[in-house]
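Working notes for the structure below.
Convention: sequence-line order gives letters A, B, ...; per-chain numbering from 1.
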Amino acid sequence: MPLIRFTERPPCRNPWAEFERIRRGMDELTKSCTEKGRFQQRANVFPALNIYEQSDQLVITAELPGISSEELDLSVEGDTLTIQGARAAVKQEGPCAYHRREIESGSFSRAINLPAKIDPHHLSARLVDGILTIILRKAAPATPKKIQILSA
Amino acid sequence: MTSQEIKASPKTQAVAEQESTKNETYYSPMVDIFETPKAVTVIADIPGVRQEQVELSLDDNVLTIHATMSAERPAGRILLEEYEHGHYVRRFSVAESIDQDKIEASLTNGVLQVILPKLIPAQPKKITVKVG
């Protein structure tokens, strides 16, 4: 039986410490819900997208590792952007034993409604290091117009 | 076209070796690891990382993949954020004895492939005893 001398006992715990811990947890929860979580959503469809709005264009990015530009198909029809493609599985010849298999292969297709009207003649996309960046120029009515104020 | 569809899977956060002073996020990349009689191959998805920003090390049978994200977040107001930018780190303990001088790594389209050739055990040498 272990013997603990009276003096070695830990000091009396603060009875409010647990409440303080809960309060801090709640603070963090509300902070993440209000500040960061506003635009954050879990993607249900691959690939996950980020959309940024600049004054005259929309920038859409997606992480697409292992997909070459030939395997990717982008199209815009009206307000809908469609990203389609497929990721080929790594081919292995000869005997091999898998230790881990986390990378998925297969096809994907995602269509999103664009948040602004875009000019279908000014579209560009590039795929660098597995990150797809699509730049869509906003249509003229959607770009903010500066209004000059005339003084008499 | 393959019939199988890729499912959306959120990135999992990882912890860097030390807590950093900068507020940086580390993610654990998805990997495939397979072994052939000659080598162990590790494939990791690290989109947004340039070749020179991948640090690989094999120390005490621990393979560390450390990749620093170089792609910058575009400017502008965020309308939708389904994934976050961050660096990548993941460690594996390698059970096999690896020939350290022959490790090869390549990066294409954001996919890192590391080939760790196994050390060929020294063939037992037969010693002939001469009659003196």
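Of all heavy-atom pairs between Pro47(A) and Glu82(B), the closest is O-OE1, 4.2 Å. When every heavy atom of Glu102(A) is checked against every heavy atom of Met30(B), the shortest pair comes out as OE1-CA, 3.4 Å. For Pro95(A) against Thr36(B), the heavy-atom pair with the smallest separation is O-CG2, 3.6 Å. Closest of all the heavy-atom pairs between Pro65(A) and Gly110(B) is CB-O, 3.7 Å. Taking every heavy atom of both residues into account, Asp32(B) and Arg101(A) meet most closely at OD1-CA, 3.3 Å.
If you tally non-hydrogen atom pairs under 4.5 Å between each of Leu64(A), Val59(A), Ile131(A), Ile60(A) and chain B, the highest count goes to Ile131(A). Note on Gly76(B), Gly48(B), Pro74(B): by heavy-atom pairs under 4.5 Å with chain A, the leading option is Pro74(B). Counting heavy-atom pairs closer than 4.5 Å to chain B, the top-ranked of the candidates Ser109(A), Ser68(A), Ala62(A) is Ala62(A). Counting heavy-atom pairs closer than 4.5 Å to chain A, the top-ranked of the candidates Gln51(B), Glu35(B), Arg50(B) is Glu35(B). Annotation: maximal heavy-atom pairing with chain A below 4.5 Å, among Val49(B), Asp45(B), Thr108(B), occurs at Asp45(B).
Atom CZ of Phe19(A) is surrounded by 12 or fewer heavy atoms from other residues, nucleotides or ligands within 6.0 Å. Environment of CD in Gln13(B): crowded, with over 12 heavy atoms of neighbouring residues, nucleotides or ligands closer than 6.0 Å. Open room surrounds CD on Glu72(B); 12 or fewer heavy atoms of other groups in view lie less than 6.0 Å from it. Within a 6.0 Å sphere centred on CD of Glu77(A), other residues, nucleotides and ligands contribute 12 heavy atoms or fewer.
Met69(B) and Leu127(A) fall into different hydrophobic clusters, defined by Ile, Leu, Val, Met, Phe, Trp and Tyr side-chain heavy atoms under 4.5 Å apart, directly or through other members. There is no path of hydrophobic side-chain contacts, each under 4.5 Å, that joins Ile115(B) to Leu63(B). Hydrophobic clustering (ILVMFWY, side-chain heavy atoms < 4.5 Å, transitive): Val89(B) and Leu58(B) are in distinct clusters. Residue Leu116(B) is grouped with residue Ile33(B) when hydrophobic side chains (ILVMFWY) are merged at heavy-atom distances under 4.5 angstrom, including chains of intermediate members. Under a hydrophobic clustering in which Ile, Leu, Val, Met, Phe, Trp and Tyr are joined whenever their side-chain heavy atoms come within less than 4.5 Å, directly or via other members, Val128(A) and Leu112(B) fall into different clusters.
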**Pair Tyr52(A)-Arg73(B), side chain to side chain contact (heavy atoms under 4.5 Å, CB included): steps then yes or no** = CA-CA 9 Å; Tyr52(A) 304 90; Arg73(B) 234 178 69 163; 3.3 Å; yes
**Glu71(A) and Asn109(B): CA distance, side-chain angles, deciding distance, side chain to side chain contact (heavy atoms under 4.5 Å, CB included) verdict** = CA-CA 12 Å; Glu71(A) 291 167 314; Asn109(B) 289 334; 5.8 Å; no
**Item:** Arg100(A) vs Phe92(B), side chain to side chain contact (heavy atoms under 4.5 Å, CB included): CA-CA, chis, key distance, verdict
**Value:** CA-CA 11 Å; Arg100(A) 269 161 211 266; Phe92(B) 299 101; 3.9 Å; yes
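For a residue to count as touching a neighbouring chain, one of its non-hydrogen atoms must lie under 4.5 Å from one of that chain's; by this rule Ile43(B) touches chain A with backbone and side chain alike. For Ile112(A), no part lies under 4.5 angstrom from a heavy atom of chain B. The contact between Val31(B) and chain A is made by backbone and side chain atoms together, counting heavy-atom distances below 4.5 Å.
With rounding to the nearest 0.5 Å, the separation of CD in Gln53(B) from CG in Asp129(A) is 9.0 Å. Between atom CG of residue Leu79(B) and atom CG of residue Leu49(A) there is a gap of 12.0 Å, rounded to the nearest 0.5 Å. Separation of atoms CD (Glu104(A)) and CD1 (Ile6(B)) is listed at 6.5 Å; rounding is to 0.5 Å. Here OG1 of Thr61(A) is found 5.0 Å from NE2 of His85(B). Values are rounded to the nearest 0.5 Å.
Asn50(A) places a side-chain N or O within donor-acceptor distance of the main-chain N or O of Tyr83(B), the cut-off being under 3.5 Å.
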